[in-house]
Amino acid sequence: MQMLNEINNVVISPYFNLSEFACPCCKKIMLHPLLLEKLEKLRKILERPVYINSGYRCPKYNHQIGGVVNSYHCIGLAADIKVKDINLIKLLGYAEDVDFSGIGFYEKKNFLHLDVRPTKRIRWRE
Ligand SMILES: [Zn+2]
Ligand SMILES: [Zn+2]
């Protein structure tokens, strides 16, 4: 069915489309408004596109790619992002300004994990 290609193709904020956050395997999605709000804020500060490497993950997909059990990606609270032409340390600084509660710094793979977990702030590096 052709129209299924349009599933989740919904503009949800000035800079993001819902489809960017959907699970790649099944197109299912959960997205917390606070995560979107903070990503939107980050996008405005950066003045350049923020690519969502990974948004929502269904448990099956999360397992497939070796994500941690109970990942915040599986409840719509996390996104892995990539931004072109910006140093990852600099990007980290901007993410800190926006105050995500969880920030993972993935130096080799060149991306940041950002989440809005309700528990205490946590930072890690890989
Ligand atoms: Zn899936
Ligand atoms: Zn992540």
Side-chain angles (χ1 to χ4, degrees):
M1 247 205 306
Q2 187 64 30
M3 69 175 289
L4 283 182
N5 293 334
E6 288 298 297
I7 206 76
N8 295 332
N9 184 12
V10 182
V11 173
I12 50 171
S13 72
Y15 290 112
F16 295 100
N17 188 292
L18 186 62
S19 59
E20 296 174 72
F21 295 89
C23 180
C25 86
C26 58
K27 309 299 173 205
K28 284 179 186 168
I29 183 158
M30 290 174 86
L31 174 62
H32 197 285
L34 184 61
L35 178 64
L36 179 63
E37 189 188 310
K38 284 183 183 286
L39 287 170
E40 190 69 24
K41 225 177 250 180
L42 181 65
R43 170 64 180 81
K44 275 182 196 136
I45 296 171
L46 289 168
E47 297 179 314
R48 67 190 82 189
V50 170
Y51 298 99
I52 309 296
N53 281 352
S54 181
Y56 174 72
R57 298 173 191 162
C58 73
K60 190 184 109 192
Y61 180 70
N62 186 58
H63 180 75
Q64 253 173 34
I65 62 165
V68 295
V69 181
N70 297 325
S71 165
Y72 286 100
H73 285 278
C74 298
I75 51 171
L77 297 187
D80 296 341
I81 67 149
K82 194 168 205 167
V83 178
K84 272 187 186 167
D85 302 323
I86 185 168
N87 179 283
L88 199 61
I89 300 267
K90 218 172 172 187
L91 182 59
L92 177 64
Y94 290 125
E96 290 288 2
D97 291 344
V98 174
D99 198 31
F100 289 91
S101 48
I103 301 181
F105 184 83
Y106 291 81
E107 195 165 20
K108 274 182 206 146
K109 293 180 195 161
N110 194 41
F111 74 85
L112 291 186
H113 165 104
L114 304 172
D115 68 58
V116 292
R117 68 186 67 200
T119 56
K120 69 171 175 8
R121 293 165 91 254
I122 179 168
R123 303 292 183 257
W124 69 92
R125 190 176 181 138
E126 259 190 50

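As the structure is a prediction and not an experimental result, all values here were calculated from the model. As the structure lists them, so they are numbered: ligands from 1, and atoms in each ligand from 1. One is the number of the first residue; the rest follow in order along the sequence.
- For Tyr56 and Phe21, the ring centers are positioned 6.0 Å apart or more.
- Inspection of the Asn17 and Glu20 side chains reveals no N or O donor paired with an N or O acceptor under 3.5 Å.
- Taking a cutoff of 4.0 Å between a charged side-chain nitrogen and a carboxylate oxygen, Lys108 and Glu126 do not qualify as a salt bridge.
- Cys23 contributes SG and Cys58 contributes SG; the angle these two atoms make at the Zn ion (ligand 1) is 110°, rounded to 10°.
- Under a 4.0 Å N-O distance rule, the pair Arg123/Glu96 qualifies as a salt bridge.
- The set of protein atoms (N, O or S) found at less than 2.8 Å from the Zn ion (ligand 2) reads His73 NE2, Asp80 OD1, His113 ND1, by chain and number.
- The aromatic rings of Trp124 and His113 lie tilted to each other, with the angle between the two planes from 30° to 60°.
- By the 4.0 Å N-to-carboxylate-O rule, Asp99 lies too far from Lys41 to be salt-bridged with it.
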